[in-house]
Amino acid sequence: MRRAKLYRYSLPMEAGIVLRNQRLKTRDGLLVQLWQDEKCGWGEIAPLPGFSLESVEQAQQGVQHALAQWLQGASLSALASAFNAMPSVAFGLSIADAELRDALPQTGNYACAPLCHGDPDALYQRLANQPVAKVKVGLYEAVGDGLNVSMLLEALPHLRLRLDANRSWTPAKAEAFARYVAPALRSRIAFIEEPCQTREQSREFARASGIAIAWDESVREAGFEIRAEEGLAAIIIKPTLTGSLTRCRELIAKAHRAGLEAVISSSIESSLGLTQLARMAAWLTPDTQPGLDTLDLIQSQLVRPWPEAARPLLDVSALEVVWQR
Ligand SMILES: O=C(O)CCC(=O)c1ccccc1C(=O)O
Ligand SMILES: [Mg+2]
């Protein structure tokens, strides 16, 4: 016996969250709840404005179409993998399918790399016992970023940093950044995600500075192939922007075969989606801390809590059911 329910949610975000030049006031998405015999599985389908090409409305149409076929006996993982044009749908359906088949282990890696922001005193306290943290760079002056990163690395000698420039630097700005990070500190930068506007410029920056890089946006571009490259340390996998669990596993396996780290990372899912990503991370990237420190960007948690998180939890009974069979 198969049954399916589709919910829509809209959760207020903290004030002032800006993504790719657009202010995000609410986080909107779908939850799918599936039953097969005595088993139940959940998935979250949450296209991210500014990043995903599909809208929530388009995703909902796609999900309903796929679920109607699943209820007729079709394989959900095959249906999910067919959603190449809507990665959020492919991921949400495939993770619900994995829960139904008990294929997603329960243990999660909830020790993710904290995102650094706020006043220095509170930040230093928060980082006191952390092996690795993440800093966004490229939003202000590159020299200021260099000074800030150097200060953190000098103040906290046990700490390694992941940086993320989201392709914002020209080669000159990237060089200005590196000039303000002493060579002795550079090896404690685990990587910087996409420092420059082009991949070739980012490779050249890595060669010249000795600072390792990681691919994030590139991984989702047509024709990109994961391979070992000089100066390349990691690839970032954001499943909601990437596709089905099968596709994510292929990319992770390819990265590991090439000697690269694979970092499972948030697309600002709710606590339900984030806990599933933490479980994927414990299972598929056991030696790597995932990049999931985005829970506090949304004002409430949803259905399943993140361990020990303080935010109020919204129960499923508060959600609008948009479709059920
Ligand atoms: O990777 C992380 O640690 C947090 C997630 C994150 O940075 C992010 C989340 C959503 C969209 C883009 C980005 C980004 O990599 O800039
Ligand atoms: Mg990034």
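Just so you know, ligand 1 is whichever comes first in the structure, and atom 1 is the first atom listed for that ligand. All residue numbers in this chain count up from 1 along the given sequence.
Not a single N or O atom of S267, backbone or side chain, sits closer than 3.5 Å to an N or O atom of ligand 1.
In D216, the N, O or S atom that comes nearest to the Mg ion (ligand 2) is OD2. Taking the Mg ion (ligand 2) as reference, the nearest N/O/S atom within E193 carries the name OE1. Counting just the N/O/S atoms of D164, the one with the shortest distance to the Mg ion (ligand 2) is named OD2.
Salt bridge present: E200 and R207 bring a charged side-chain N and a carboxylate O closer than 4.0 Å. A salt bridge does not link R2 with D37: every distance from a Lys NZ or Arg NE/NH1/NH2 to an Asp or Glu carboxylate oxygen is 4.0 Å or more. A salt bridge links D293 with R126: at least one charged nitrogen is closer than 4.0 Å to a carboxylate oxygen. Salt-bridge annotation for E230 and R203: absent, with no side-chain N of the basic residue lying under 4.0 Å from a carboxylate O of the acidic one. Salt bridge annotation for E99-R279: present, with a cationic side-chain nitrogen under 4.0 angstrom from a carboxylate oxygen. A salt bridge links E221 and R167; the closest N-O separation between the charged side-chain nitrogens and carboxylate oxygens is under 4.0 Å.
Heavy-atom contacts of G291 reach the following atoms of ligand 1: 1 (O), 2 (C), 3 (O), 4 (C) (cutoff under 4.0 Å). Less than 4.0 angstrom separates some heavy atom of K136 from each of these atoms of ligand 1: 6 (C), 7 (O), 8 (C), 13 (C), 14 (C), 15 (O), 16 (O). Listed by number with element, the atoms of ligand 1 under 4.0 Å from a non-hydrogen atom of F51 are 11 (C), 12 (C). Against a heavy-atom cut-off of under 4.0 Å, S265 is close to the following atoms of ligand 1: 1 (O), 2 (C), 5 (C). Against a heavy-atom cut-off of under 4.0 Å, D216 is close to the following atoms of ligand 1: 15 (O). Near L48, with a cut-off below 4.0 Å to any heavy atom, the atoms of ligand 1 are 10 (C), 11 (C). Taking every heavy atom of E193 and a limit of under 4.0 angstrom, the matching atoms of ligand 1 come to 15 (O). Distances below 4.0 Å separate heavy atoms of D164 from the following atoms of ligand 1: 14 (C), 15 (O), 16 (O).
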*Candidate pair D296 and R311, rule salt bridge (charged side-chain N to carboxylate O under 4.0 Å, His left out), full reasoning*: CA-CA 8 Å; D296 286 347; R311 302 268 150 156; 3.6 Å; yes

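Not a single heavy atom of I236 sits closer than 4.0 Å to an atom of ligand 1. The closest approach between R162 and ligand 1 stays at or above 4.0 Å for every heavy atom of the residue. Look at S266 and you'll find a heavy atom under 4.0 Å from some atom of ligand 1. Not close to ligand 1: D293, with no non-hydrogen atom less than 4.0 angstrom away.
Only the side chain of N166 comes within 4.0 Å of ligand 1, judged by heavy-atom distances.
Summary of contacts: the protein heavy atom closest to atom 8 (C) of ligand 1 is K238 CE, 3.6 Å.
Both cation-pi conditions hold for R20 and F51: the charged atom is under 6.0 angstrom from the six-membered ring centre and inside a 45 degree cone around its axis.
Linking ILVMFWY side-chain heavy atoms closer than 4.5 Å, directly or via other members, places F205 and V135 in a single hydrophobic cluster.
Crowding of L313 atom CG: a count of heavy atoms from other residues, nucleotides or ligands under 6.0 Å exceeding 12.
Of all heavy-atom pairs spanning A214 and L232, the tightest one is CA-CD1, 3.9 Å.
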